[in-house]
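Remarks on the structure that follows.
Because the structure is predicted, anything quoted here is derived from the model rather than measured.
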Amino acid sequence: MRVAMQGDCQVENITDRLRAALEETHLRAGILTVFIRHTTASVLIIEDEPGIRADTKAIWERLIPADPTWQHNERNVGEDNGHSHLRGQLQGHSLTIPFNDGTMVLGTWQQVVVLDFDTRARTRDVVLQIIGE
């Protein structure tokens, strides 16, 4: 699946797209792996509401601020996204979600999102691998 993102800690909810992909398989039970093929973006589970979106951006800006002195920026002419790579490393690039009765086993408030840390717009590739019966 491809997801158009704007960077700057944009959050995009992909839960319905995952549900649709799982439904197409007609599998009843198993696991769904969600993997993002980029070093400056992550997939994660959040309660997707405006406050958590704002808090998510705020915590990453506090933990790993943009800084032109990150070595990635200094050693690579034109790069300004050293903080984006570091955020992606900490957050991680994949999730494994069990499913039963053809439905992801998510909690009431859990939603799957892509979080883009980069400094510019990019289209993100999200790989789904579904194993089940």
Hey, could you give me the CD1/OG1 distance between Ile131 and Thr25, rounded to the nearest 0.5 Å? 12.0 Å
With side chain to side chain contact (heavy atoms under 4.5 Å, CB included) as the test, would you mind laying out the steps for Val34 and Leu128 before giving the verdict? CA-CA 5 Å; Val34 184; Leu128 308 180; 4.0 Å; yes
What distance separates Gln110 CD from Ile46 CD1, expressed to the nearest 0.5 Å? 11.0 Å
Hydrogens and angles aside, do Arg124 and Thr40 bring a side-chain donor and acceptor to less than 3.5 Å of each other? yes
Should Ile45 and Leu115 be counted in the same cluster of Ile, Leu, Val, Met, Phe, Trp and Tyr side chains packed under 4.5 Å apart? no
Would Val113 and Ile36 show up in the same hydrophobic cluster when neighbours are defined by side-chain heavy atoms closer than 4.5 Å? no
Does the side chain to side chain contact (heavy atoms under 4.5 Å, CB included) test come out yes or no for Thr15 and Met104, once each step is laid out? CA-CA 9 Å; Thr15 308; Met104 292 185 288; 4.0 Å; yes
Look at the side chain of Ser42 and the backbone N and O of Gly92, then say whether any donor-acceptor pair between them is shorter than 3.5 Å. yes
d(Leu22 CG, Arg28 CZ) to nearest 0.5 Å is 9.0 Å
Without hydrogens or angle criteria, can the side chains of Asp67 and His83 be said to hold a donor-acceptor pair below 3.5 Å? no
Closest heavy-atom pair and its distance - His38, His93: O-CD2, 3.0 Å
Glu23 atom CD, neighbour heavy-atom count above 12 within 6.0 Å: no
Nearest heavy-atom approach of Arg53 to Val11 is NH1-O, 3.0 Å
Applying the 4.5 Å side-chain criterion to the ILVMFWY set and letting contacts propagate, would Ile64 and Ile59 be lumped into a single cluster? yes
Transitive ILVMFWY side-chain link Leu106 to Leu27, under 4.5 Å: yes
Separation between CE (Met5) and CZ (Phe117), nearest 0.5 Å, reads 10.0 Å
Distance-minimising heavy-atom pair for Ser84 and Asp118: OG-CA, 3.4 Å
Is it the case that over 12 heavy atoms from other parts of the model lie below 6.0 angstrom from the CD atom of Glu61? yes
Output for pair (Asp48 CG, Ile14 CD1), nearest 0.5 Å, gives 11.0 Å
Using a distance-only test with no angle check, is there a side-chain donor-acceptor pair under 3.5 angstrom linking Thr103 and Asp101? no
When you measure from the side chain of Trp70 to the backbone of Pro65, do you find a donor-acceptor pair of N or O atoms at a distance under 3.5 Å? yes
Would you say Asp8's side chain and Arg120's backbone share a donor-acceptor pair under 3.5 angstrom? no
Hey, does the side chain of Gln10 reach the backbone of Gln6 with a donor-acceptor pair shorter than 3.5 angstrom? yes
Which heavy atom in Arg87 sits nearest to a heavy atom in Cys9, and how many Å separate them? NH1-SG, 3.6 Å
Pairwise distance CG(Asn13) to CD(Glu49) - rounded to 0.5 angstrom: 12.0 Å
Nearest heavy atoms of Met1 and Arg17, plus distance in Å: CG-NH2, 3.6 Å
Cluster check Ile130, Val105: I/L/V/M/F/W/Y, side chain < 4.5 angstrom: no
Pair Gln89-Leu86, side chain to side chain contact (heavy atoms under 4.5 Å, CB included): steps then yes or no: CA-CA 5 Å; Gln89 289 171 14; Leu86 296 171; 3.8 Å; yes
Here the pair of heavy atoms bringing Leu90 nearest to Trp60 is CB-CH2, 3.7 Å
Main-chain N/O of Arg37 paired with Asp125 side-chain donor or acceptor, under 3.5 Å: no
